Enquirer: 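Quick one: the structure is below, and I'll ask about it shortly.
All of these numbers come straight from a predicted model, not from anything done at the bench. When a ligand or atom number is given, it counts from 1 through the structure's own listing order. Position 1 is the first residue of the sequence, and the numbers go up from there.
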Amino acid sequence: MNFRTCDIFCNVIDNYGDIGVSWRLARQLANEFGLYVRLWVDDLASFAKLCPEADAGLDMQHRRGVEVRLWPQAFPDVQVADLVIDAFGCALPSSYLAAMAVRDEPPVWINLEYLSAEDWVEGCHKLPSPKPPLTRYFFFPGFTKKTGGLLLEHDLLARRDAFLSDKNQQQAFWQSMGMEMPSADILKISLFAYENGALTGLFNAWADSAQRVLCLVPEGRILPQVRQYFGDEAAGQGYVRGNLEVRVLPFVEQERYDELLWACDINFVRGEDSCVRAQWAGRPFVWQIYPQHDAVHWEKLQAFLNRYGATLGAEAVPAMQSLWQQWNDEGDAGQAWSAFANQLGQLNLGAQVWAQQLSSNNLTLNLLDFSQEIGTMRAFKIDG
Ligand code: TRH
């Protein structure tokens, strides 16, 4: 089957992860693999945060090689694509499903799932889920060859390395954020997080630390707590307490967020997509996992730590484990900080090995290969 068109459906539940992953995948399929991609999204305001040139008032627009469409309640009558992807199990419009069922050649239908490092993922990856007369296939991102891998643009690691070896690019980045490039002895930390009661302890630890810390906080859910920490202090260019300086940054477009991760020594990330980007940055990071009601996120967190820990030196593992635990539990992250900071050398090495190790397992490529397999399998069955 020759895949020329693709429809991606994205229902924004909350935050930016659903649209973040969908938008990244859409761009890659269009720009690296030449598919005509339509991205259907039910919340264009969220999309516009990641892609600032987007107009949230337009039902249809072309952005970065992708046709971006508002997913309305009353779904329009459109031609079904060769490849249909529902992001994170969102329910497709019934009229579109009906059109899929009667298409001469049924589309390949993929349910792109959430990312998890847990073992069960390997057993569920690529499983069919019959929806007669159609079949939907589960596609799981993951960290092993028996999973779908991770989203990775073909040139991302090369762009990262070019950025890291080019002072001019770095300077341009800092200037675009309204700052001079900080000197090398300052520890630079980006902080993208949900509300978190552990922030005070962490800020205290940074304020009291021997090394100067520059913390960059993109606008978002943790900002009220940052303001509260500094109380009545006027922000001016930034907030300062002891050896800690905090700067609030605008939410940058998705492609530029990588630069922020590359420019920092340590990155605090959350959810799913920023966590993956922090891994590609090849730098130590701290992950605030998306909390789930039934607390299953703890297993997910530990599963990741187990895999990631295998690339680290023996002393770095408990240091990382402890800070991640405290940060996610809103506990005493300040206390866990110093052990983590002492292991930065090991954590850096491990992060680089990890990124290199994962880079041969490219999600988009795997997804297209799998879709091709399904297409071929079907043709075989029909012909036979
Ligand atoms: O926004 P999130 O918390 O999204 C979450 C998770 O994806 C979670 O798994 C999901 O269930 C829930 O939403 C509904 O975190 P995430 O996944 O990191 O998405 C943030 C996106 O925002 C990511 O694509 C990076 C991008 N981003 C920017 O483009 N600019 C910025 O300045 C920042 C801070 C982030």
Side-chain angles (χ1 to χ4, degrees), residues 8 10-28 39 41-54 63-64 66 86-90 111-118 121 140-142 150-153 156 173 176-178 188-196 215-223 226 246-264 266-281 285-301 303-304 327-328 363:
I8 302 178
C10 173
N11 168 14
V12 176
I13 299 171
D14 59 2
N15 304 311
Y16 302 106
D18 307 298
I19 183 61
V21 170
S22 304
W23 173 228
R24 196 178 288 296
L25 174 65
R27 285 203 316 272
Q28 216 186 336
L39 172 61
V41 52
D42 62 355
D43 174 1
L44 285 171
S46 295
F47 169 66
K49 289 284 275 187
L50 305 182
C51 175
E53 76 261 28
R63 303 290 169 209
R64 317 273 169 108
V66 174
D86 58 81
F88 313 116
C90 63
N111 167 20
L112 177 65
E113 274 291 345
Y114 285 110
L115 172 64
S116 172
E118 290 161 294
V121 167
F140 280 85
L150 299 175
L151 281 170
L152 172 65
E153 296 79 7
L156 182 80
F173 166 78
S176 74
M177 294 292 151
K188 296 167 286 296
I189 301 176
S190 78
L191 182 72
F192 179 43
Y194 306 119
E195 300 78 3
N196 194 325
C215 174
L216 304 168
V217 185
E219 268 171 16
R221 287 172 54 176
I222 197 139
L223 203 53
V226 172
V246 175
R247 292 278 192 130
V248 176
L249 303 183
F251 195 91
V252 292
E253 73 175 276
Q254 198 184 40
E255 282 161 337
R256 299 218 51 218
Y257 179 57
D258 288 313
E259 291 181 10
L260 172 63
L261 299 172
W262 302 338
C264 287
I266 302 167
N267 296 299
F268 281 66
V269 286
R270 70 179 207 197
E272 177 169 325
D273 191 53
S274 58
C275 176
V276 172
R277 305 314 278 185
Q279 291 169 59
W280 294 138
F285 70 104
V286 182
W287 181 29
Q288 187 178 18
I289 194 166
Y290 184 75
Q292 286 166 270
H293 303 301
D294 41 11
V296 290
H297 59 281
W298 284 107
E299 281 166 43
K300 214 169 147 176
L301 187 77
F304 179 79
W327 185 239
N328 280 281
L363 187 141

Enquirer: Could you work out, for atom 6 (C) of ligand 1, the closest of Ala278, Cys275, Gly271 by heavy-atom distance?
Expert: Gly271
Enquirer: Looking at ligand 1, does Phe88 have a heavy atom less than 4.0 Å from it?
Expert: no
Enquirer: Kindly confirm or rule out an N or O of Gly17 lying under 3.5 angstrom from an N or O of ligand 1.
Expert: yes
Enquirer: State whether Glu253 and Arg256 are salt-bridged, where the test is any N-O pair (Lys NZ or Arg NE/NH1/NH2 against Asp/Glu carboxylate O) under 4.0 Å.
Expert: no
Enquirer: Taking all non-hydrogen atoms of both residues, which atom of Gln28 and which atom of Glu153 are closest, and how far apart?
Expert: NE2-CA, 3.8 Å
Enquirer: Please identify which atoms of ligand 1 are closer than 4.0 Å to at least one heavy atom of Gly20.
Expert: 24 (O)
Enquirer: Look at the aromatic rings of Trp327 and Phe268 and report parallel, tilted or perpendicular, splitting at 30° and 60°.
Expert: perpendicular
Enquirer: Are the side chain of Asp42 and the backbone N or O of Val12 linked by a donor-acceptor pair below 3.5 Å?
Expert: yes
Enquirer: Is there a polar contact, in the sense of an N or O pair closer than 3.5 Å, between Tyr257 and ligand 1?
Expert: no
Enquirer: Hey, do the aromatic rings of Phe251 and Tyr16 have their centres closer than 6.0 Å?
Expert: yes
Enquirer: I want to know if ligand 1 touches Tyr290 in the polar sense, i.e. an N/O pair below 3.5 angstrom.
Expert: no
Enquirer: Under 3.5 Å, N or O to N or O, is Ser274 touching ligand 1 that way?
Expert: yes
